[in-house]
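Working notes, structure below.
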Amino acid sequence: MSADREKSHHMNDSDIALLLADAADEVEIGIAPYQAVLRGGRRRRARRWAVAAATALVLAGSSATLAVAGLPGGDGGQVATRPSVPAAADPSKALRTTLATGTDQGTEWRVLIDVWSAPRDEKQAEAQRAAMASRGETPPDAHKASDLIGKVTYFVHRAYGDRTTKVMENTVPESDTMTGTDLISGSLPLQPDAKADVRLVIGYVAKTAQRVNCTWTNETATVVEKAGSATGTDVPAIRSAAGSPYNWFVCLAPKGADYKTAEVIG
């Protein structure tokens, strides 16, 4: 892509095809009809989603269904900072945070995240891998224990009634960070095994993000604000998660509507 084309932010069909081809090198395409979304800020490496066993990760934006992060005006030059991990965090124990709770047609639901802090050596990595296995959690892209050294691993679970399903997973460098309007989110049905009603949105943003706007197919929207000390998990909010380098949010579309977009607005 030429410098002039980057400055104007206009893209033709050829540009989009090239960008999609480039993105394909970093993305695992699955078969489920859900999507993870990358919006705003600088361009970032694709994250792995495990919605209903597999998903297609796409770059989403305008009517061309593509938004390129990292064009002039983004935060690309900012230096990564170390995440907020408790000094005494034990890599062999998961740090669990409840991100959201609610009731749907009389059934209670929750969204939970387990974060495993970065092992410092192979001994800690071996202990962590064994502890994950005992919980039925397999770290992505970690073919051997040493692949976990210096990296944070997280697993997001959706609980609906008495069923709990893993819906998102990733292993990232401990120094990973997000800035500005960076946002990665995924949409999926609230109920396990549902093929429609893609109402639940789970995502993560920079620690500095104050508000996320979730819009729905019925043309309504939910504004999710940064949680205060007294904000309960039954209120949609941007929350910190113990051990995570990002903040997280969950929003739910009204019954009869589906997910449309999510973006940082402040």
Side-chain angles (χ1 to χ4, degrees), residues 36-41 44 47-51 75 80-89 93-104 108-118 137 152-160 164-172 174-188 190 199-216 221-254 259 261-266:
V37 180
L38 170 62
R39 284 185 174 278
R44 299 177 55 81
R47 298 306 196 248
R48 178 192 298 262
W49 281 78
V51 177
D75 303 301
T81 57
R82 295 181 66 83
S84 177
V85 178
K93 295 180 180 179
L95 301 170
R96 169 159 287 192
T97 300
T98 299
L99 299 176
T101 59
T103 302
D104 177 66
E108 293 184 353
W109 62 268
R110 294 176 295 158
V111 175
L112 312 165
I113 182 171
D114 290 338
V115 180
W116 300 78
S117 59
E137 296 180 337
V152 173
T153 301
Y154 56 81
F155 300 91
V156 180
H157 303 271
R158 171 198 54 197
Y160 188 88
T164 300
T165 309
K166 180 177 65 177
V167 296
M168 183 180 183
E169 60 184 11
N170 203 19
T171 298
V172 300
E174 186 181 20
S175 60
D176 198 33
T177 191
M178 301 181 80
T179 61
T181 58
D182 285 358
L183 180 152
I184 297 179
S185 68
S187 58
L188 65 156
L190 178 63
R199 302 168 55 207
L200 183 65
V201 180
I202 307 169
Y204 54 95
V205 295
K207 297 275 191 177
T208 54
Q210 299 296 311
R211 292 188 301 279
V212 169
N213 193 46
C214 297
T215 60
W216 316 116
T222 300
V223 177
V224 183
E225 298 189 340
K226 201 164 189 176
S229 58
T231 306
T233 56
D234 58 337
V235 177
I238 300 170
R239 305 177 191 279
S240 60
S244 173
Y246 329 112
N247 279 353
W248 294 77
F249 70 93
V250 176
C251 49
L252 184 67
Y259 163 82
T261 65
E263 61 184 337
V264 175
I265 58 172

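Atoms CD and OG1, on Glu263 and Thr215 in that order, are 7.0 Å from each other to the nearest 0.5 Å. The CD1 atom of Ile202 sits 9.5 Å away from atom CZ of Phe249, with the distance rounded to the nearest 0.5 Å. With values rounded to the nearest 0.5 angstrom, Tyr154 atom OH is found 9.5 Å from Glu169 atom CD. Rounded to the nearest 0.5 angstrom, Thr231 OG1 and Ile238 CD1 are separated by 11.0 Å. Atoms CZ and CD, from Arg211 and Glu225 in turn, are 6.0 Å apart once rounded to the nearest 0.5 Å. Rounding to the nearest 0.5 angstrom, the gap separating the OG1 atom in Thr101 from the CG atom in Asp234 is 5.0 Å.
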Could you walk me through whether Thr233 and Val250 pass the side-chain contact (heavy atoms from CB on, under 4.5 Å) check? CA-CA 10 Å; Thr233 56; Val250 176; over 6 Å; no

Give the intermediate values and the outcome of side-chain contact (heavy atoms from CB on, under 4.5 Å) for residues Arg199 and Trp216. CA-CA 8 Å; Arg199 302 168 55 207; Trp216 316 116; over 6 Å; no

Quick one: do Met178 and Ile184 satisfy side-chain contact (heavy atoms from CB on, under 4.5 Å)? Show the steps, please. CA-CA 10 Å; Met178 301 181 80; Ile184 297 179; 4.1 Å; yes

Check step by step if side-chain contact (heavy atoms from CB on, under 4.5 Å) holds for Thr208 and Thr179. CA-CA 7 Å; Thr208 54; Thr179 61; over 6 Å; no

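Within the 4.5 Å cutoff, side-chain heavy atoms of Lys226 are placed close to those of Asn247. The shortest side-chain heavy-atom distance between Asp176 and Val152 does not fall under the 4.5 Å cut-off. A 4.5 Å side-chain heavy-atom check between Val156 and Trp248 finds at least one atom pair inside the cut-off. Residues Thr222 and Val201 have side chains not in contact (no heavy-atom distance under 4.5 Å, counting atoms from C-beta outward).
When each of Thr165, Asp114, Val167, Leu99 is tested with His157 by the rule side-chain contact (heavy atoms from CB on, under 4.5 Å), just one qualifies, namely Asp114.
Using cut-offs of 30° and 60° on the angle between ring planes, the pair Tyr204 and Tyr246 is parallel.
When only modelled atom types and interatomic distance are considered, Thr171 and Trp116 share no side-chain donor-acceptor pair under 3.5 Å.
Taking every heavy atom of both residues into account, Ala237 and Ala227 meet most closely at CB-CB, 3.8 Å. When all heavy atoms are compared, the tightest approach of Val264 to Ala209 is CG1-CB, 4.1 Å.
Ring centroid separation for the pair Trp109 and Tyr160 does not come in under the 6.0 Å cut-off.
Using a distance-only test at 3.5 Å, with no hydrogens or angles considered, no donor-acceptor pair links the side chain of Lys207 to the main chain of Thr177. Panel note: side chain Thr97, backbone Ile113; no donor-acceptor pair is recorded below 3.5 Å.
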